[in-house]
Amino acid sequence: NFGLHALPKSPAVLVMNQGSQLILRSNKNAVIGPVEFLDRAVIWGGASTSGHRTVRLFKGTISGPGKFTLEGVNGNTFEIDGSNTFTGGFEARSSQKQSFVVRAKSDGAFGSGEVKISDHGSLVLEKGLKDAISDRVKLSLEGGTAPNMMKLVIDSEEQVAEFFVDGEDQGVGVFTSRTHPSLGGS
């Protein structure tokens with residue numbers, strides 16, 4: 001149930017330049033997109049006093065050469081749905097040290113750049129996906145999560161060029177909940 005449709009309305013595109021920030025202070029679930037990142041920019045799931053435990057759905061193409069950075073706050077879920085073309089990479093973090101979830105809902109969700117999930121974040125790759133993260137990039141999972149949260153939940157077949165957990169190269173191979181039970185998955 002999405003009560004807020006954040007700018008822009010089609011056919012417009014939200015263009016984010018270097019240093020741009022979008023802070024979603026609404027306590028309603030929101031649909032965002034399309035978005036173009038021209039440089040490194042940040043989208044906040046909420047503020048210190050609002051926007052907690054909400055869903056932020058990115059629908060419509062996310063494009064551009066810039067880096068897509070998400071700031072998670074208290075219980076946000078970011079859902080990324082669409083075959084995206086941005087190339088500058090993706091990072092999810094919480095400078096407020098609050099737990100959040102990033103959920104890939106489609107192949108191509110993370111464009112073609114490296115993917116980094118920092119402290120307090122959990123990455124979920126939904127069932128049936130084969131290429132949410134480009135096969136040619138690095139996936140980095142850094143730091144811990146909240147109790148009862150997994151750092152990575154894989155319910156799909158995903159391949160990446162490099163896989164690091166807390167700075168340690170996991171080497172070449174197939175990674176499942178059986179080979180890496182601490183990460184999660186099915």
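- R93 places a side-chain heavy atom less than 4.5 Å from the side chain of V42.
- Under the 6.0 Å cut-off for aromatic ring centres, F68 and F58 qualify, their centroids lying closer than that.
- Rounded to the nearest 0.5 Å, atoms CG (L139) and CD (Q170) are 10.0 Å apart.
- In this structure the side chain of F163 never reaches within 4.5 angstrom of the side chain of K138, judged on heavy atoms.
- For the pair K151 (side chain) and G121 (backbone), a donor-acceptor distance under 3.5 Å is present.
- Taking a 6.0 Å sphere around CD of Q21, one finds it holds more than 12 heavy atoms contributed by other residues, nucleotides or ligands.
- When every heavy atom of N74 is checked against every heavy atom of Q98, the shortest pair comes out as N-OE1, 2.8 Å.
- Taking 4.5 Å as the limit, some side-chain heavy atom of L38 sits within range of a side-chain heavy atom of V15.
- For S122 (side chain) and M150 (main-chain N/O), a donor-acceptor pair under 3.5 Å exists by modelled atom type.
- Residues I32 and L57 are not in side-chain contact: their nearest non-hydrogen atoms beyond the backbone lie 4.5 Å or more apart.
- For the pair V35/V13, no side-chain contact is recorded, criterion being any heavy-atom separation below 4.5 Å from C-beta on.
- No donor-acceptor pair under 3.5 Å is formed between the side chain of D39 and the backbone N or O of N17.
- Looking at every heavy atom in both residues, A41 comes nearest to M16 through CB-CB, 3.7 Å.
- Considering all non-hydrogen atoms of both residues, I80 and A109 come closest at CG2-O, 3.3 Å.
- Relative to the ring axis of F90, K116 does not place its NZ or CZ within 45° and under 6.0 Å from the centre.
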**CA sep, side-chain torsions, deciding dist, call: R136, E162, salt bridge (charged side-chain N to carboxylate O under 4.0 Å, His left out)** = CA-CA 8 Å; R136 298 177 300 277; E162 299 175 79; over 6 Å; no
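- For the pair R56 and S26, the tightest heavy-atom approach, listed with the atom from each and the gap, is NH2-O, 2.8 Å.
- With hydrogens and angles ignored, the 3.5 Å screen pairs no side-chain donor or acceptor of N84 with any backbone N or O of F110.
- Both I43 and L123 are part of a single hydrophobic cluster, where members link through side-chain heavy atoms under 4.5 Å apart.
- For the atom pair CG (L24) and CH2 (W44), the distance works out to 11.5 Å, reported to the nearest 0.5 Å.
- For S94 against G72, the heavy-atom pair with the smallest separation is OG-O, 2.9 Å.
- Taking 4.5 Å as the limit, every side-chain heavy atom of E142 sits out of range of all side-chain heavy atoms of D119.
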**Asked** How far apart are the C-alpha atoms of E71 and N76, what are their side-chain angles, what is the distance that settles it, and do they pass the side-chain contact (heavy atoms from CB on, under 4.5 Å) test?
**Response** CA-CA 9 Å; E71 275 281 351; N76 284 137; over 6 Å; no
**Request:** Report the C-alpha separation of T69 and R40 in whole Å, then their side-chain angles, then the decisive distance to 0.1 Å, and conclude whether the side-chain contact (heavy atoms from CB on, under 4.5 Å) test is met.
**Result:** CA-CA 7 Å; T69 302; R40 184 184 178 114; 4.0 Å; yes
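- Using modelled atom types, no side-chain atom of S106 and backbone atom of D81 make a donor-acceptor pair closer than 3.5 Å.
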**Prompt:** Where do R103 and E126 land on the side-chain contact (heavy atoms from CB on, under 4.5 Å) test, with the steps shown first?
**Reply:** CA-CA 7 Å; R103 181 181 307 275; E126 285 198 351; 2.8 Å; yes
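- The backbone N or O of L70 lies less than 3.5 Å from no partner atom in the side chain of E91, so there is not a single donor-acceptor pair.
- No continuous path of ILVMFWY side-chain contacts below 4.5 Å connects V153 to F164, so the two sit in separate hydrophobic clusters.
- Nearest heavy atom pair, residue A12 against residue P34, reads O-CG, 3.5 Å.
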**Message:** Using side-chain contact (heavy atoms from CB on, under 4.5 Å), reason through V101 and V124 one step at a time and then give a plain yes or no.
**Reply:** CA-CA 7 Å; V101 174; V124 177; 3.8 Å; yes
